[in-house]
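Worksheet: the structure to be examined is printed underneath.
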Amino acid sequence: MKKKGLISTCIILAVAIFMAVYTGISFNKKRNFVEDVVTEGSAVTRTEKLSTYNKYLANTFGDVDIYVLEGEEPGGSALILGGTHANEPAGHMAAVIILEQFKPTKGTVYVIPDICKSGLSHNDPLEGTPQYLHFATKEGNTRTFHFGSRASNPIDQWPDPDTYLHTSGDWEPLHLAEGANTTQTLSGSEVRNQNRCYPGIADGTLTERVSYAVTNMIKTLKIDMVVDLHESSPEYAVNNAIVAHERAMEIAGMSAAITLDAEQGIKIKVEPSPVNLRGLTHRELGDYTDTFALLCEVGNPSQGRFRGFTDEELAITGKDPCYKVASEIHEGKLLYVDYSSGDFPLSLRVARHITTVAALIENMGYDYPDKEILIDNVPDYQEMVEADDIGLWLR
Ligand SMILES: [Zn+2]
């Protein structure tokens, strides 16, 4: 009996050691995997380090590259943020394609495709999501990108507090709405949510340091517009939408009604940024800097609660039988995206983001000619949707 117990213990121990080594290797590989952003042949004129705008970010995992695309003629400026939530691949991939394809002839476009690099470096526990996404380029190369977590990696900041008290640190508000709060208590895990940590704290947690650098970058360079690219579950109401700070509402409204809907038949809602929902780009960057702060959402079936088996195929094709069922019951009112076709592919989601960014930049130029940015080589919406393969727009 004693011997039998010893054998069982040894087997369990061996399995536990195997699991720890196997998952440890996998975790370590993902943590250190570097995505290959291709600037050759692109309009990227130079790169900067994000730590330029926060010295406390230097030599940390969050010190990412800022890709600068400068037109020959001076004009306005825009900052595109991808990867804020690393389990929302359309935001990340749209930013990569923007930096590899957009060719500004006037003004400057700054792109940070991996603003929450820490979030890209791991996956959410118990979600069963893929670790990577792969795409074949026109030339036949395979490009590999992270599918990550909604939050920063606990390796970078741990443990989470019971509750997270969001504050605006030392920042002085410039455009605070009357009666608005500047603090908010959130659940503890939100301390690792990049989009709850703006305007940021210089020597705070890694997530707060990154946010501080972005706010300081916008202030220092007087960047005219910031667009933060996200995705949301199909059952979440803020979906296929532009969320706009009150000072950016007109640009968002004209972009959605004229440039996107009337001219191209793309339906995108405009949502006002809630005044007391603190820590988010569209709120804090609009309150604490002079930039026009906007956030874009598209529906992502690989993120929602109704989804079935979650693998790379679901993240790319957006084809999920469970969402199809959800779209067919209760007169389709369970979902906020049109899922009647049974899919909502990454190609469509990325195309919507890219076209929305181009529309917002274009409309800023109409309203404020001194902030005009002109861009060549914007990928065509219909072409992207019909091709259904974003690899064709990767270098
Ligand atoms: Zn998000």
Side-chain angles (χ1 to χ4, degrees), residues 62 64 79-96 98 111-124 127 129-130 133 145-153 164 166 184 186-187 189-198 200 207-208 210-211 214 226-245 252 268-274 277-286 293-307 310 314-315 318 335-337 344 346 348-350 352-354 356-357 360:
V64 293
L79 168 63
I80 314 304
L81 298 174
T84 294
H85 291 144
N87 60 335
E88 300 168 6
H92 182 47
M93 294 312 302
V96 172
I98 285 171
V111 186
I112 308 176
D114 50 357
I115 190 60
C116 187
K117 187 184 168 196
S118 176
L120 283 163
S121 77
H122 72 131
N123 292 94
D124 286 317
E127 290 290 323
T129 50
L133 300 180
F145 294 90
H146 281 290
F147 186 107
S149 159
R150 179 174 172 79
S152 299
N153 195 327
Y164 164 46
H166 168 269
Q184 187 175 15
L186 298 156
S187 75
S189 61
E190 294 290 67
V191 75
R192 288 183 289 115
N193 183 343
Q194 193 69 62
N195 208 25
R196 295 296 180 278
C197 290
Y198 287 92
T207 314
E208 287 168 336
V210 168
S211 292
V214 172
V226 59
V227 188
D228 186 14
L229 300 174
H230 286 250
E231 296 201 84
S232 49
S233 313
E235 64 272 27
Y236 181 61
V238 183
N239 214 316
N240 290 318
I242 303 169
V243 187
H245 188 269
I268 304 256
K269 291 178 285 186
V270 175
E271 305 267 350
S273 165
L277 195 52
R278 305 311 307 189
L280 294 97
T281 45
H282 52 75
R283 170 49 46 203
E284 306 292 355
L285 296 174
L294 299 132
L295 181 148
C296 300
E297 297 275 12
V298 288
N300 172 16
S302 64
Q303 191 182 346
R305 292 297 97 188
F306 291 163
R307 72 180 196 269
T310 310
L314 173 58
L335 305 183
Y336 289 89
V337 299
F344 211 73
L346 185 64
L348 172 69
R349 285 136 55 196
V350 168
R352 290 177 84 96
H353 270 343
I354 291 173
T356 304
V357 167
L360 292 167

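None of the values given here were measured: they were computed from a predicted structure. Each ligand, and each atom within it, is numbered from 1 in the order the structure gives.
Looking at His85, its N, O or S atom nearest to the Zn ion (ligand 1) turns out to be ND1. Looking at His230, its N, O or S atom nearest to the Zn ion (ligand 1) turns out to be ND1.
Residue Glu231 does not count as close to the Zn ion (ligand 1), with no N, O or S atom under 2.8 Å.
Residues Leu360 and Leu294 have side chains in contact (heavy-atom distance under 4.5 Å, counting atoms from C-beta outward).
No side-chain N or O of Gln303 forms a donor-acceptor pair with one of Ser232 less than 3.5 Å apart. Side chain to side chain, Asn153 and Ser121 meet the donor-acceptor criterion of an N or O pair below 3.5 Å.
Under a 4.0 Å N-O distance rule, the pair Arg307/Glu127 qualifies as a salt bridge.
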